[in-house]
Amino acid sequence: IDGGRDAAVGVVGVVGAPADAVDVLRHQAQRAVGEAGGYAGGVALADGTGQLGIAARAGVGVGVGLIDGLGKSEGVEINFPMADSQDKVKVFTTRPDTVFGITYLVVAPEYPKLKEWVKGSPNEKAVLQFVHEASLKTKIERSDATKAKEGIFSGKYVVSPFTGEILPIWVSDYVLMDYGTGAVMAVPAHDQRDFEFAKSHQLPIKLVIKPFNENLDVSTMTQAFEEEGLMIETGGYMDGRASAVFKQEIVPYIERKNLGK
């Protein structure tokens, strides 16, 4: 990522968000990612042309930390700022090469902040009922890859530190609190569980890695593409680069910017 490129960063869209929430959240998201200047650790769309610029100010939801291992997985933790507060949602991922394809976040029903988020909201009762029903299931039942991907919208949003988009936070029992942080970034084009969940709940699917020798059409995909390939839809800066190379480069880059642990 070219850290020397500066741009006036703006929010370019709301991913999977109800239309009536866009205007309310737009100025808050701009506050979170719109003060271009010093490097903040993420990439954001600079304008409607698809050009990319280095995002926002340091410390506002764009810190990314290197994780030596949570359990047996190795990856990174990424902080996503809430769209309506100074809080952040920390997610753990082993696929930092897919960060441009995030279209929503998912938290476990036991996520510590969830009850606080929904308190007094119109969907509080429904969310708490979902949490209760999830508590009656075993981890084996919740981890069953063949079961339907159940979930409910939390009513909250985060801002992507990579694109500036507003992303909805969903709750699903396929996310477990004892893995990572209890929150995951959903990249449905490149993770089968996320793909099935997105299809079930009519959430956006964004392809950011394509096979080496063919093109894919999201509208006709019947499963996630989880293999290595070539980067696409990165505003041109990463397009055509091997995803495996990008995956190796992004974490050292983050560390060089003192955003890693």
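Basis for what follows: all heavy atoms, side chains included, without hydrogens, waters or symmetry-related copies.
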Visitor: Within a strict 4.5 Å, meaning less than it, do heavy atoms of the Thr234 and Phe246 side chains meet?
Guide: no

Visitor: Transitively linked via ILVMFWY side-chain contacts under 4.5 Å: Val187 with Val218?
Guide: yes

Visitor: What is the minimum heavy-atom distance between Pro204 and Ala198, and which atoms define it?
Guide: O-CB, 4.4 Å

Visitor: Drop me the distance from Leu216's CG to Lys210's NZ, to the nearest 0.5 angstrom.
Guide: 7.5 Å

Visitor: With heavy-atom distances below 4.5 Å as the criterion, would you say the side chains of Val208 and Met238 are in contact?
Guide: no

Visitor: Does CG belonging to Leu136 count more than 12 external heavy atoms closer than 6.0 Å?
Guide: yes

Visitor: What distance separates Thr98 OG1 from Met185 CE, expressed to the nearest 0.5 Å?
Guide: 3.5 Å

Visitor: About how many Å separate CE of Met231 and CD1 of Ile209, when rounded to the nearest 0.5 Å?
Guide: 5.0 Å

Visitor: Using the test salt bridge (charged side-chain N to carboxylate O under 4.0 Å, His left out), find all partners of Glu116 that sit at least two apart in sequence or belong to another chain.
Guide: Lys113

Visitor: So do the side chains of Ile78 and Pro161 get within less than 4.5 Å of each other, counting heavy atoms only?
Guide: yes

Visitor: With rounding to the nearest 0.5 Å, note down the distance linking CD1 in Ile232 to OG in Ser243.
Guide: 11.0 Å

Visitor: Could you note down all residue pairs passing side-chain hydrogen bond (donor to acceptor under 3.5 Å, both in side chains) where residues 185-199 supplies at least one of them, sequence neighbours left out?
Guide: Lys149-Glu196, Tyr174-Asp194, Gln192-Glu196

Visitor: Side-chain contact test, heavy atoms from C-beta onward, threshold under 4.5 Å: evaluate it for Ile169 versus Met82 and give yes or no.
Guide: yes

Visitor: Output all residues satisfying salt bridge (charged side-chain N to carboxylate O under 4.0 Å, His left out) with Asp178, sequence neighbours left out; order by chain, then residue number.
Guide: Lys139

Visitor: Once ring-ring contact (aromatic ring centres under 6.0 Å, His included) is applied, what residue pairs with a partner in residues 207-234 remain, sequence neighbours excluded?
Guide: none

Visitor: Parallel, tilted or perpendicular: which describes the rings of Phe197 and Trp170, with under 30° parallel and over 60° perpendicular?
Guide: perpendicular

Visitor: What pairs with Lys206 under salt bridge (charged side-chain N to carboxylate O under 4.0 Å, His left out), at least two apart in sequence or on another chain?
Guide: none

Visitor: For residues 125-135, run the donor-acceptor check on the side chains, cut-off 3.5 Å, and write out each pair with its distance to 0.1 Å, sequence neighbours left out.
Guide:
from, atom 1, to, atom 2, distance (Å)
Gln129, NE2, Glu133, OE2, 3.0
Ser135, OG, His132, O, 2.5

Visitor: Could you pull out the closest heavy-atom pair between Val159 and Gly164, with the gap in Å?
Guide: CG1-O, 4.0 Å

Visitor: Determine whether Met177 and Phe80 fall in the same hydrophobic cluster, where Ile, Leu, Val, Met, Phe, Trp and Tyr are linked whenever their side-chain heavy atoms lie under 4.5 Å apart.
Guide: yes

Visitor: Of all residues at least two apart in sequence or in a different chain, which pass the side-chain contact (heavy atoms from CB on, under 4.5 Å) check with Ala189?
Guide: Ile205, Leu207

Visitor: Would you call Lys147-Asp173 a salt bridge at under 4.0 Å N-O?
Guide: yes

Visitor: Can you list everything that forms a salt bridge (charged side-chain N to carboxylate O under 4.0 Å, His left out) with Asp97? Sequence neighbours excluded, please.
Guide: Arg95

Visitor: Can you list everything that forms a side-chain hydrogen bond (donor to acceptor under 3.5 Å, both in side chains) with Ser219? Sequence neighbours excluded, please.
Guide: Asp217

Visitor: Testing Tyr111, Phe153, Tyr157 for ring-ring contact (aromatic ring centres under 6.0 Å, His included) with Trp117, which one passes?
Guide: Tyr111

Visitor: When rounded to the nearest 0.5 angstrom, what distance separates CD in Glu77 from NZ in Lys90?
Guide: 4.5 Å

Visitor: Mind checking ring pair (Phe, Tyr, Trp, His ring centres under 6.0 Å) for Phe195 and listing every partner two or more places apart, or none if nothing turns up?
Guide: none

Visitor: Measure up the Tyr179 and Phe92 rings against each other and bin them: parallel (under 30°), tilted (30 to 60°), perpendicular (over 60°).
Guide: perpendicular

Visitor: Under the rule for side-chain contact (heavy atoms from CB on, under 4.5 Å), what residues qualify as partners of Ser121, not counting sequence neighbours?
Guide: Val118, Asn123, Glu124

Visitor: Which residues pass the side-chain contact (heavy atoms from CB on, under 4.5 Å) test with Val175, not counting sequence neighbours?
Guide: Val106, Ala108, Val184

